[in-house]
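Written below as structure tokens is the structure these notes are about.
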Amino acid sequence: MQEHYEPAAVERAAQDYWTEQRCFNTVEDPSRPKYYCLCMYPYPSGRLHMGHVRNYTIGDVLTRFMRMRGYNVLQPMGWDAFGLPAENAAMANGLPPAQWTRENIAHMKRQFQSLGFAFDWQRELATCDPSYYRWNQWLFLRMLERGIAYQNTGIVNWDPIDQTVLANEQVIDGRGWRTGALVEKREIPMYYLRITAYAEELLQALQALPGWPERVRVMQANWIGRSEGVEIAFPYAPDAAALLGAAGALKVFTTRADTLFGVTFMAVSAEHPLAAAAAARDPALAEFVEQCRRGSTMEADLATAEKRGHSTGLHVCHPLTGQQVPVWVANYVLMAYGEGALMGVPAHDERDFEFAARYQLPVQTVVVPDAGAAPPASGQFTEYGVTVNSAAYSGLSSTQAITAIAAALKAQGLGQPRVQWRLRDWGISRQRYWGCPIPLIHCPGCGTVPVPDEQLPVVLPENLVPDGTGNPLNRAKDFLQCECPRCGGAARRETDTMDTFVDSSWYFLRFACADQQAAAVDERVNYWLPVDQYIGGIEHAILHLLYSRFWTRVMRDLKLISLSEPFSNLLTQGMVLNHIYFQQGNDGRRVYVKPADVSSKTDAQGRRTATVSLLDGTPVSYGGLGTMSKSKNNGVDPQSLVDSYGADTARLFMMFASPPEQTLEWSEDGVQGQQRFLRRLWKAVYDHGRAPARATVPLAKWSDEALRLRRQAHQTLAKVTVDIGRRRTFNTAIAAVMELLNSVSRSSGEHAGELQARHEALEIAVLALAPIVPHICHTLWQALGHERAIIDEPWPEPDPAALQQDTVEMVVQVNGKLRGKVRVPAGAEEPVALELALAEPAVRRFLADQPPRKVVYVRGKLLNLVV
RNA sequence: GGCCUCGUGGCGGAACUGGUAGACGCAGUCGACUCAAAAUCGACCGGGCUUGCCCAUCUCGGUUCGACUCCGAGCGAGGCCACCA
């Protein structure tokens, strides 16, 4: 063994061993319990960033830990390889997205390998490979057959100059990011997946996911958004019936049927048929509807927009009083929720109140806080209370009134209770090139025809370079022109591609059988799934995780798999933050300075007093902590970290700096501290190897010092087992091993028992750290005299005998305050403990000769005397 | 606006089920080694004073023998959703 720790050589040796021995090639083995550990696969953007390193280190530690615990562990890796950034890079470099993507994959794969992650590369997949996306197409066709996929029109952001559809993030202040043109809303045909058909199940099943963080479940529940309410029909008054040429009714949905008698107007969305009909004969109204159409599709803008409206001049009849109510078109009514229309109750709804105030519509109070109470002076009361001015329904609680009014409406055929969901169907069409082609053909004679299964995959041409003006597939004749599968005539291929969330909705299933050419999935899915531990960023809490839960259920209903929930346990790791520094530029804008180019001065207590630029010595302002980003110039390239300190130090820092769910603060000093620890560990093993135990002596002859070290070693082992295995607090596990190493370094006895105790403590330290820093442990394990590689060692069990103690330290409190510590026999009864406690001078002093009024005893731990 | 999470030394954090507040690490101070520095090793490291006690976990209340932990109110920070009728 070398005297000095050289990470590069150590890491190469370990990685070569794992590769030669094919340690991470996984096969199904029914004789062992399986463990499927999965990290969210990355987008191949070019280089790994710190967030990746953190994410994949967490997964790798759990993988290696569970492997040592005897599980057959699968940890696959793949590439979320379709998507917009490849098109943007293509425009910037003139390279086809395919080439750019594949080069990135090759580079990132090398980076993964240099970090020593235990991935089974046999199962690698990239979503841009036809062997993967053909099954997207196949599954889409099955959904189409069952009506789970369907066509409808959808509204998109349209850039009129580039003649292209923009993603929401490409719309900046209402203008196209490239052209600066005002973005329009356009209605185009799109394909949707009927996720709403699964709303109830997706919501209910959240309760049966104890392995998911509470806040992710809450976020999904809010997103699905179940509301119980009443659907109410307001029959057309003669003017509306005349315009529309038929009798009928305006339907609304409300959760507050108890406020029905407070309706003073009706409001419909600008896209509502009634609005269109009224606009046809009213140019001013038509202009207002057009304005709404042009407005931003960004929901955040809508929320802050002023409430505006325009009267239709039409009326409907109140279903219970028959009174005529005017109908307005209002910009705050969403076509996609409920009926695209609402009943306006200004007295009991904030938004209706604001609208009514603007257009001087009456406010009619029908609910008061308590029986006999006056309405609030503001005229607004939005909570539940007691009904008034509501004819036969006055004097009821809001809940009672809702039930009674719903029943009355139902009896007249004018309404019924109903559940309304916030969740909408998932539009999967993207008017983009770099994605999975939707397998449809448009025939002038037969209409839209599905591509027959035997013609799958519809292969995406890989040689196109987008230029920002529309989808290049529309100009690719070889792709575009085809035969109609039904009539054989000339036809045109669909050029829309699928949302990349489709790719990620089932890739975790495909890993179980990535080599299967004849089907999307096979029986191996039933061996590996569900994913036992899924790890990724909180930003996927809603969309990716909800779509995956939906897609898994669809595949279940297609009888392809037998599970409903894909991910049993979910860990959402926190973001990696770094300090932000800036200087004021000449034009008054902030110029961000790299943290590495900044030097901080501190006072005697270590507080930061001033920061200056290392480049020119000028003062620098501190901008707090933020996620690593190009724009803030505070990113740190993981590659430079691995190059300077090695993969083990990088991994150890990531795991030690904070618990996995919390944000992690980058610190160069902290990294050096972790390297220091690894050097100390190396040196401890090296020094120990130079004075090996010559003889073995039985435990009975060990010194107290040796037994104490042995106890601590086994306590550490027990703690690390719980911290990694159950609590997932890798930081405290590492801290415990650090304490153990501190004790080893302090112990100096040269007797055989003491040497043995140190040997055992070092073995336990190395085994306990093996999942976290596998390379150094590979070498140290050999240095401790083992033939078998540590990767194949089982996780050790703590020896209960080592944990046993004859006497334990007991805390003595007087009135709940610590007043002394005494050693008592382990498991001592209360009288014994009390007698020993009363012998303590400090305790006696605080008792001041009074007998304790009450004694609280926690066996072997604590004694509280109350006087 | 709604929902959620979190407030502990100079900093990251620990205290797992209500039981010794500040483990472990970073930064800092002092010392050893060195011609010197780096590295390494050792000691100290929340505040106060009367040196064995008092005060300290955002603030104010409450429950309890005992509260960082539970409950109520407030303040502050962050996240998600956002005109969802």
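In what follows, every chain begins at residue 1, and chains take the letters A, B, ... in the order their sequences are listed.
Within 90° of 0 lies the glycosidic angle of B:G9, which makes this nucleotide syn.
No donor-acceptor distance shorter than 3.5 angstrom exists from the side chain of A:D258 to the backbone of A:T399, with no hydrogens or angles considered. For A:R308 (side chain) and A:C292 (main-chain N/O), no donor-acceptor pair under 3.5 Å exists by modelled atom type.
Nucleotides B:U17 and B:C11 are separated by 30 Å at their C1' atoms, to the nearest Å. Taking atom C1' on both nucleotides, B:C80 is separated from B:C65 by 42 Å, rounded to a whole Å. For the P atoms, the distance linking B:G22 with B:C44 amounts to 15 Å, nearest Å. Separating the P atom of B:A23 from that of B:G62 is a span of 32 Å, rounded to the nearest Å. Here, B:C58 and B:G9 have their C1' atoms 15 Å apart, quoted to the whole Å. With both ends at atom P, the span from B:C68 to B:G74 equals 23 Å, rounded to whole Å. The separation of B:G18 from B:U64, taken at their C1' atoms, amounts to 9 Å, rounded to a whole angstrom. When the P atom is compared between B:C55 and B:A67, the two are found 13 Å apart, to the nearest whole Å.
Look at CG on A:D669: it is 5 Å from P on B:A27, rounded to the nearest Å. Distance CZ (A:F653) to C1' (B:G12): 8 Å, rounded to an integer number of Å. As rounded to whole Å, 16 Å separates atom C1' of B:G25 from atom CD of A:E668. Computed from coordinates, the A:Q672 CD to B:A39 C1' distance equals 12 Å when rounded to whole Å. Distance, A:L678 CG to B:U40 C1': 16 Å, rounded to whole Å. As rounded to whole Å, 8 Å separates atom C1' of B:C4 from atom CG of A:N222. Taking atom CG of residue A:L334 and atom C1' of nucleotide B:C81, one finds them 14 Å apart after rounding to whole Å. Following rounding to the nearest Å, A:E661 (CD) and B:G13 (P) show an atom-to-atom distance of 14 Å.
Within 6.0 Å of the CD atom in A:E350, the count of heavy atoms belonging to other residues, nucleotides or ligands does not exceed 12. Under a cut-off of 6.0 angstrom, the local environment of CE in A:M575 is sparse, with at most 12 non-hydrogen atoms contributed by other residues, nucleotides or ligands.
Taking the six-membered ring where the residue is Trp, A:F253 and A:Y337 present perpendicular rings, their angle passing 60° and hence far from 30°.
As judged by a 4.0 angstrom heavy-atom cut-off over every strand, A:D352 is placed among residues making no nucleic acid contact. Across all strands shown, A:R853 has no heavy atoms under 4.0 Å from either base or sugar-phosphate atoms. Counting any heavy atom pair closer than 4.0 Å across all strands shown, A:Q662 reaches sugar-phosphate atoms only and no base atom. Heavy atoms of A:V252 sit nowhere under 4.0 angstrom from any nucleic acid atom.
A sub-4.0 Å separation between OP1 or OP2 of B:A15 and a side-chain N or O of A:T732 is absent. Residue A:R422 places none of its side-chain N or O atoms closer than 4.0 Å to OP1 or OP2 of B:C81. OP1 or OP2 of B:A14 sits under 4.0 Å from a side-chain N or O of A:N731. In terms of phosphate contacts, A:R727 brings a side-chain nitrogen or oxygen within less than 4.0 Å of OP1 or OP2 of B:A15. Distances shown here put every side-chain N or O of A:R215 at or beyond 4.0 Å from the OP1 or OP2 atom of B:G78. Of the side-chain N and O atoms in A:Q813, none sit less than 4.0 angstrom from OP1 or OP2 of B:U20. For the pair A:N864 and B:U20, the criterion of a side-chain N or O lying under 4.0 Å from OP1 or OP2 is not met. Under 4.0 angstrom from either OP1 or OP2 of B:C65 there lies at least one side-chain N or O belonging to A:K854.
Distance from the side chain of A:P659 is smallest for B:A14 among the nucleotides B:C16, B:A14, B:U40. Between B:A23, B:G19, B:A82, one nucleotide has an atom nearer to the side chain of A:W223 than all others, and that is B:A82. For A:M219, the side-chain atoms get nearest to B:C80 when compared with the rest of B:C26, B:C16, B:C80. The side chain of A:I542 approaches B:C80 more closely than any other nucleotide in the set B:C80, B:A85, B:G13. Proximity note for A:V856 (side chain, C-beta onward) versus B:A85, B:C41, B:C65: the nearest is B:C65. The side chain of A:S227 lies closest to B:A85 when the candidates are B:A85, B:G25, B:G19. Among B:A23, B:C41, B:C83, the nucleotide with an atom closest to any side-chain atom of A:R680 is B:C41. The side chain of A:R679 lies closest to B:U40, out of B:C83, B:U40, B:G12. The side chain of A:K861 lies closest to B:G19, out of B:G19, B:A21, B:A14.
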Applying side chain to side chain donor-acceptor pair (under 3.5 Å), run through A:N742 and A:R680 and close with a yes or a no. CA-CA 9 Å; A:N742 288 342; A:R680 285 182 49 226; 2.7 Å; yes
What verdict does the side chain to side chain donor-acceptor pair (under 3.5 Å) test give for A:Q675 and A:T649, after you've listed the backbone C-alpha separation in whole Å, the side-chain angles of each residue and the deciding distance to 0.1 Å? CA-CA 5 Å; A:Q675 171 116 86; A:T649 297; 3.3 Å; yes
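Remark: B:G52 base-pairs with B:C49. Criterion, Watson-Crick or G-U wobble with two distances under 3.5 Å. Under the Watson-Crick or G-U wobble criterion, with both distances below 3.5 Å, B:A37 is left unpaired in every strand shown. Look at B:G12: its Watson-Crick or wobble partner, with both distances under 3.5 angstrom, is B:C24. Across the strands present, B:G2 finds its partner in B:C80; the criterion is a Watson-Crick or G-U wobble pair with both atom distances under 3.5 angstrom. The partner of B:U17 cannot be assigned: no Watson-Crick or G-U wobble pair with both contacts below 3.5 Å exists in any strand. The pairing partner recorded for B:U69 is none, the criterion being a Watson-Crick or G-U wobble arrangement whose two distances lie under 3.5 angstrom.
Place A:G673 and A:L625 on RNA chain B by their nearest nucleotides, and A:L625 ends up nearer the 5' end. Along RNA chain B, the nucleotide closest to A:R746 and the one closest to A:I538 are compared, and the more 5′ of them pairs with A:R746.
Going from atom OH of A:Y857 over to atom CD of A:E830 covers 8.0 Å, rounded to the nearest 0.5 Å.
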Encode nucleotides 50-55 of chain B as B, S and - characters from 5' to 3', where the letter depends on protein heavy atoms closer than 4.0 Å: B to the base, S only to sugar-phosphate, - to neither. ---SSS
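A cation-pi arrangement is absent between A:K307 and A:F355 under the rule of less than 6.0 angstrom and at most 45 degrees off the ring axis.
Looking at residues two or more places apart in sequence or on another chain, you find a side chain to side chain donor-acceptor pair (under 3.5 Å) between A:R859 and A:E829.
Ion pair A:E840/A:K821 not flagged as a salt bridge, since none of the NZ, NE, NH1 or NH2 atoms sits closer than 4.0 Å to an Asp/Glu carboxylate oxygen.
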Which atom pairs, one a donor and one an acceptor, fall under 3.5 Å between side chains of residues 653-663 of chain A and the rest of the protein, sequence neighbours left out?
residue	atom	partner	partner atom	Å
A:S658	OG	A:R54	NH2	3.3
A:S658	OG	A:T663	O	3.0
A:E661	OE1	A:T572	OG1	3.1

